[in-house]
Engineer: 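Can you keep this structure in mind? I'll have questions shortly.
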Amino acid sequence: MPHASIARRITDYANRANPYPVYEELRRTPVLHEEEGGPYLISSYYDIKALLHDPRISSDAANVAAAGDDELDQTEETGGLPPSFLRLDPPEHDRLRRIANSAFGPPHRPRRIENMRGEMREIVTGLIDAFGDARQVDLVDQFAYPFPVTVICRLLGVPREDEPRFRTWVDPLVASLDPAAGPDGDSDARKRAREARMQLGMYLAGLVEERTKEPRDDLLSDLAAGRGPHGSLSMMEVLSTSVLLLIAGHETTVNLITNGMLTLLRHPEILQRLRADPGLSVNIVEELLRYEPPVQLVPQRTCITDIEVRGVTIPKGSRIWLVLAAGNRDPERFTDPQRFDPDRGDIQHLGFGSGIHSCFGAPLARLEAQIALSELARRLEGPRLVEDPPPYRRNAVLRGPRHLGVAFDGLR
């Protein structure tokens with residue numbers, strides 16, 4: 001196949017179940033520019049990492065738009081909200097992220113995530129118990145999807161009686177992230193997403209107003225209070241940060257858990273080890289973030305000046321796709337990169353990105369995946385795949401199975 005087809009093949013649904021042969025071909029030309037006006041594809045681990053730390057690479061939504069419409073750049077329709085810090089450059093990015101992080105983790109809330117460990121186990125236990133007498137489940141719909149939604153609701157401070165309403169808004173919002181969906185029904189999907197975004201924004205605004213008057217021990221209260229050395233967030237900034245946490249954190253965690261169980265079922269010897277030793281989940285999740293990362297590529301980058309990468313000059317204003325999943329299997333960086341090996345001594349993956357935009361919710365996603373996979377391994381007797389490969393979501397950026405049928409003999 002000629003190089004000119006590689007970018008199209010990355011986004012082609014036909015390759016969604018196994019994009020890695022395409023990535024391997026892509027790495028033969030670490031800086032690939034296929035056509036005038038098209039993006040520059042970067043696939044080497046070291047080049048990707050360097051560019052993620054390079055201040056000459058912009059994440060600002062305005063710069064991405066100026067560089068040309070990108071069919072993959074549909075991950076954040078704000079619906080009147082200001083851009084989240086994910087789509088901003090310093091110094092504004094740094095201000096917003098510092099304030100948000102003070103509510104999410106160290107130094108002000110150092111144990112906020114760790115203190116949810118018991119609650120997460122309780123949620124996981126309830127979801128697995130709900131399998132009941134069934135001997136086959138869809139792990140996405142019945143487990144991997146509801147788990148992180150429930151966790152983010154508890155983290156933000158959404159009342160438990162409102163969690164079902166919250167989930168009805170999440171569905172169309174997550175569906176709107178699909179950049180490869182066909183035109184049929186596209187208008188209706190966008191309309192549903194806009195309506196859900198509006199209702200979610202109004203709901204969160206009401207909660208923020210309540211928390212401003214009567215703060216509680218939850219993330220929304222801390223974001224609304226905004227007291228600290230970095231200033232405070234406006235109401236709109238609180239809402240955009242909350243929506244970012246909900247959408248970005250939810251979809252990636254669903255895929256991390258689902259990709260993880262799929263990989264373990266393909267490697268039963270490692271699944272058996274996890275059942276015997278739940279502590280192995282820490283290494284397993286890190287290797288999964290390298291081997292089957294939920295975020296495959298980062299297309300929302302633009303260079304604000306000419307940049308040279310491996311002797312290739314990328315002109316100012318060009319779009320850049322950082323193909324994280326290709327870098328994660330780069331033989332220049334990892335020994336035997338096509339092998340799933342949680343015993344690797346060095347798993348410095350790109351699964352959460354790197355640099356100033358490294359994944360804000362990484363501690364939460366790690367803990368959720370560790371608990372989910374270790375409990376599934378412990379409680380499912382004789383688990384096996386119903387279909388391999390399973391049907392995948394159409395999204396080329398946030399890659400994971402849409403359904404994962406798992407049969408089993410019983411529950412422990």
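We count residues from 1, following the sequence as given.
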Engineer: In Å and rounded to the nearest 0.5 Å, what is the CG to CG distance from L220 to L204?
Structural biologist: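 L220 atom CG to L204 atom CG measures 6.0 Å (nearest 0.5 Å).
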Engineer: Decide salt bridge (Lys or Arg N to Asp or Glu O under 4.0 Å) for E251 and R393; before the verdict, give the C-alpha distance in whole Å, the side-chain angles of both, and the deciding distance to 0.1 Å.
Structural biologist: CA-CA 11 Å; E251 180 74 350; R393 302 177 190 274; 3.7 Å; yes
Engineer: Would you say the side-chain atoms of S281 pair up with the backbone N or O of P278, donor to acceptor, closer than 3.5 Å?
Structural biologist: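 Pair found, side chain donor or acceptor close to backbone of P278.
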Engineer: So does M116 get a backbone contact from the side chain of R111, meaning a donor-acceptor N/O pair under 3.5 Å?
Structural biologist: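 Not at all, since once roles are kept as given, no pair shorter than 3.5 Å links the two residues.
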Engineer: Tell me whether S374 contacts the main-chain N or O of Q370 through its side chain, where contact means a donor paired with an acceptor under 3.5 Å.
Structural biologist: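 It does hold such a pair.
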Engineer: On a heavy-atom basis, which atom in N283 and which in I347 lie closest, and how many Å separate them?
Structural biologist: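 Taking N283 first and I347 second, the nearest heavy atoms are O-CD1, 4.1 Å.
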Engineer: Do the side chain of Q272 and the main chain of P268 share a donor and acceptor less than 3.5 angstrom apart?
Structural biologist: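 Judged by distance alone, no pair lies under 3.5 Å.
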Engineer: In plain terms, say whether R9 and D12 are close enough for a salt bridge, that is, a side-chain N and a carboxylate O under 4.0 Å apart.
Structural biologist: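 Salt bridge flag = no for D12 with R9.
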Engineer: Determine all donor-acceptor pairs shorter than 3.5 Å in which one atom belongs to a side chain in residues 349-365; sequence neighbours excluded.
Structural biologist:
from	atom 1	to	atom 2	distance (Å)
H349	ND1	G351	N	2.9
H349	NE2	E286	OE1	2.8
S354	OG	H53	NE2	2.7
H357	NE2	S59	OG	3.2
H357	NE2	L88	O	3.4
S358	OG	G355	O	3.2

Engineer: Before accepting this row, confirm whether a basic side-chain N of the pair R273/D343 lies closer than 4.0 Å to the acidic partner's carboxylate O.
Structural biologist: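 Yes, this pair counts.
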Engineer: Determine which pairs satisfy ring-ring contact (aromatic ring centres under 6.0 Å, His included) with at least one residue from residues 282-310, sequence neighbours left out, and list them in order.
Structural biologist: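 Non-adjacent pairs meeting ring-ring contact (aromatic ring centres under 6.0 Å, His included): Y291-F340.
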Engineer: What pair of heavy atoms forms the shortest contact from G260 to L373, and how long is it?
Structural biologist: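 Between these two residues, the closest heavy atoms are C-CD2, 4.0 Å.
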Engineer: To the nearest 0.5 Å, tell me how far T11 OG1 sits from R394 CZ.
Structural biologist: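 Result: 10.5 Å between the selected atoms.
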Engineer: Would R366 and E114 pass as an ion pair if we require N to O under 4.0 Å?
Structural biologist: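 Looking at E114 together with R366, the answer is no, because their closest N to O distance does not fall below 4.0 Å.
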Engineer: Check this for me, if you would: do R135 and D409 make a salt bridge, where the nitrogen-to-carboxylate-oxygen distance has to be below 4.0 angstrom?
Structural biologist: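 Between D409 and R135 there is no salt bridge, as every charged N stays at least 4.0 Å from the carboxylate O atoms.
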Engineer: According to salt bridge (charged side-chain N to carboxylate O under 4.0 Å, His left out), who are the partners of R112, at least two apart in sequence or on a separate chain?
Structural biologist: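 Counting only residues at least two positions away or on another chain, R112 forms a salt bridge (charged side-chain N to carboxylate O under 4.0 Å, His left out) with D217, D222.
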Engineer: Suppose the criterion is ring-ring contact (aromatic ring centres under 6.0 Å, His included): which pairs have a residue in residues 383-402, not counting sequence neighbours?
Structural biologist: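 For residues 383-402, and leaving out neighbouring residues, there are no ring-ring contact (aromatic ring centres under 6.0 Å, His included) pairs at all.
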Engineer: Does the distance from a Lys or Arg side-chain N to an Asp or Glu carboxylate O, for D346 and R333, drop under 4.0 Å?
Structural biologist: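 So D346 pairs with R333 through a salt bridge.
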Engineer: Indicate yes or no: does E24 engage R329 in a salt bridge with an N to O separation below 4.0 Å.
Structural biologist: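 No, E24 and R329 are not salt-bridged.
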Engineer: Might you point out which heavy atoms bring N328 and L289 nearest each other, and give the distance in Å?
Structural biologist: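 Of all heavy-atom pairs spanning N328 and L289, the closest is ND2-O, 3.2 Å.
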Engineer: My understanding is that only residues two or more places apart in sequence, or in another chain, count here; which of them pass ring pair (Phe, Tyr, Trp, His ring centres under 6.0 Å) with F334?
Structural biologist: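 Checked F334 against ring pair (Phe, Tyr, Trp, His ring centres under 6.0 Å); matches are Y45.
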Engineer: Can you tell me how far apart CD1 (I42) and CZ (R310) are? Round to the nearest 0.5 Å.
Structural biologist: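 Answer rounded to 0.5 Å: 9.5 Å.
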Engineer: Tell me, please, which residues at least two apart from D341 pass salt bridge (charged side-chain N to carboxylate O under 4.0 Å, His left out).
Structural biologist: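 D341 satisfies salt bridge (charged side-chain N to carboxylate O under 4.0 Å, His left out) with R339 once adjacent residues are dropped.
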Engineer: Side chain of D306, backbone of K316: donor and acceptor closer than 3.5 Å?
Structural biologist: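 Looks like yes, one N/O pair under 3.5 Å.
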Engineer: Under a 3.5 Å distance rule, please check whether N101 uses its side chain to pair with a backbone N or O of R97 as donor and acceptor.
Structural biologist: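 A pair under 3.5 Å: no.
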Engineer: Can you list the residues that meet the salt bridge (charged side-chain N to carboxylate O under 4.0 Å, His left out) rule with D277, with sequence neighbours excluded?
Structural biologist: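 If we apply the salt bridge (charged side-chain N to carboxylate O under 4.0 Å, His left out) test to D277, skipping adjacent residues, there are no hits.
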Engineer: Spell out, as yes or no, whether a donor-acceptor pair under 3.5 Å connects the side chain of D218 to the backbone of S221.
Structural biologist: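 Side chain of D218 to backbone of S221, a donor-acceptor pair under 3.5 Å: yes, one is there.
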Engineer: I would like to know whether I314 and V309 meet side-chain contact (heavy atoms from CB on, under 4.5 Å); could you show each step before the answer?
Structural biologist: CA-CA 7 Å; I314 303 178; V309 181; 4.0 Å; yes
Engineer: Using the rule given for side-chain contact (heavy atoms from CB on, under 4.5 Å), can you reason through I307 versus T313, listing the C-alpha separation, both sets of side-chain angles and the distance that settles it, and then say yes or no?
Structural biologist: CA-CA 6 Å; I307 297 176; T313 298; over 6 Å; no
Engineer: Between OG of S240 and CG of L245, what distance do you get to the nearest 0.5 Å?
Structural biologist: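 Atom-to-atom, S240:OG and L245:CG are 10.0 Å apart.
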Engineer: Rounded to the nearest 0.5 Å, what separates atom NZ in K49 from atom CG in L322?
Structural biologist: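 K49 NZ to L322 CG: 13.5 Å, rounded to 0.5 Å.
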Engineer: Is a side-chain N or O of N395 found less than 3.5 angstrom from the main chain of L398, in a donor-acceptor match?
Structural biologist: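 The answer is yes, because a donor-acceptor pair under 3.5 Å joins these two groups.
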Engineer: Closer than 3.5 angstrom, by distance alone: can the side chain of E195 be matched with the main-chain N or O of R192 as a donor-acceptor pair?
Structural biologist: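 No, E195 side chain to R192 backbone: no donor-acceptor pair under 3.5 Å.
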Engineer: Is the backbone of R399 close enough, under 3.5 Å, to the side chain of N259 for a donor and an acceptor to pair up by distance?
Structural biologist: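 Indeed, once roles are kept as given, a pair shorter than 3.5 Å links the two residues.
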Engineer: Supply the atom-to-atom distance L271 CG to T263 OG1, rounded to the nearest 0.5 angstrom.
Structural biologist: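 Between L271 CG and T263 OG1, I get 11.0 Å after rounding to 0.5 Å.
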Engineer: Flag the pair R275 and E381 as a salt bridge only when some basic side-chain nitrogen lies within less than 4.0 angstrom of an acidic carboxylate oxygen.
Structural biologist: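 Looking at E381 together with R275, the answer is yes, because their closest N to O distance falls below 4.0 Å.
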Engineer: Would Y203 and D162 satisfy side chain to side chain donor-acceptor pair (under 3.5 Å), going step by step from the backbone distance to the final call?
Structural biologist: CA-CA 10 Å; Y203 173 80; D162 289 346; 2.7 Å; yes
Engineer: Among T150, L376, I371, find the residue that satisfies the side chain to side chain contact (heavy atoms under 4.5 Å, CB included) test when tested with V124.
Structural biologist: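 In the set T150, L376, I371, the residue that makes a side chain to side chain contact (heavy atoms under 4.5 Å, CB included) with V124 is I371.
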Engineer: Run the ring pair (Phe, Tyr, Trp, His ring centres under 6.0 Å) test against F408 and tell me which residues pass, sequence neighbours left out.
Structural biologist: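 Ring pair (Phe, Tyr, Trp, His ring centres under 6.0 Å) list for F408, sorted by chain: empty.
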Engineer: Do the charged groups of R87 and D60 touch, with an N to O distance under 4.0 Å?
Structural biologist: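 No, R87 and D60 are not salt-bridged.
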Engineer: Taking NZ, NE, NH1 and NH2 as the nitrogens, is one of them in E119 or R160 under 4.0 Å from a carboxylate oxygen of the other?
Structural biologist: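 Counted as a salt bridge, because a side-chain N and a carboxylate O are separated by less than 4.0 Å.
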Engineer: Should E332 and R27 count as an ion pair when the cut-off is N to O under 4.0 Å?
Structural biologist: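 Result for this pair is no, no salt bridge flagged.
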Engineer: side-chain contact (heavy atoms from CB on, under 4.5 Å), that's the test. Do F143 and I128 meet it? Break it down for me.
Structural biologist: CA-CA 7 Å; F143 183 86; I128 296 177; 3.7 Å; yes
Engineer: Does E387 have any side-chain contact (heavy atoms from CB on, under 4.5 Å) partners at least two apart in sequence or in another chain, and if so, which?
Structural biologist: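 Counting only residues at least two positions away or on another chain, E387 forms a side-chain contact (heavy atoms from CB on, under 4.5 Å) with P391.
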Engineer: Could you list the residues that satisfy side chain to side chain donor-acceptor pair (under 3.5 Å) with E122, not counting sequence neighbours?
Structural biologist: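 Counting only residues at least two positions away or on another chain, E122 forms no side chain to side chain donor-acceptor pair (under 3.5 Å).
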Engineer: For Y20 and E292, run side chain to side chain donor-acceptor pair (under 3.5 Å): C-alpha distance rounded to whole Å, both residues' side-chain angles, the deciding distance at 0.1 Å, then the answer.
Structural biologist: CA-CA 10 Å; Y20 295 102; E292 286 278 26; 2.8 Å; yes
Engineer: Determine whether I270 and L274 satisfy the following criterion, side-chain contact (heavy atoms from CB on, under 4.5 Å), listing intermediate values before the conclusion.
Structural biologist: CA-CA 6 Å; I270 296 176; L274 177 60; 5.6 Å; no
Engineer: Mind checking what makes side-chain contact (heavy atoms from CB on, under 4.5 Å) contact with T125, not counting sequence neighbours?
Structural biologist: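 Listed in chain order: D129, E375, R379.
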Engineer: Not counting sequence neighbours, which residues clear salt bridge (charged side-chain N to carboxylate O under 4.0 Å, His left out) with E92? List them please.
Structural biologist: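 So E92 forms a salt bridge (charged side-chain N to carboxylate O under 4.0 Å, His left out) with R95.
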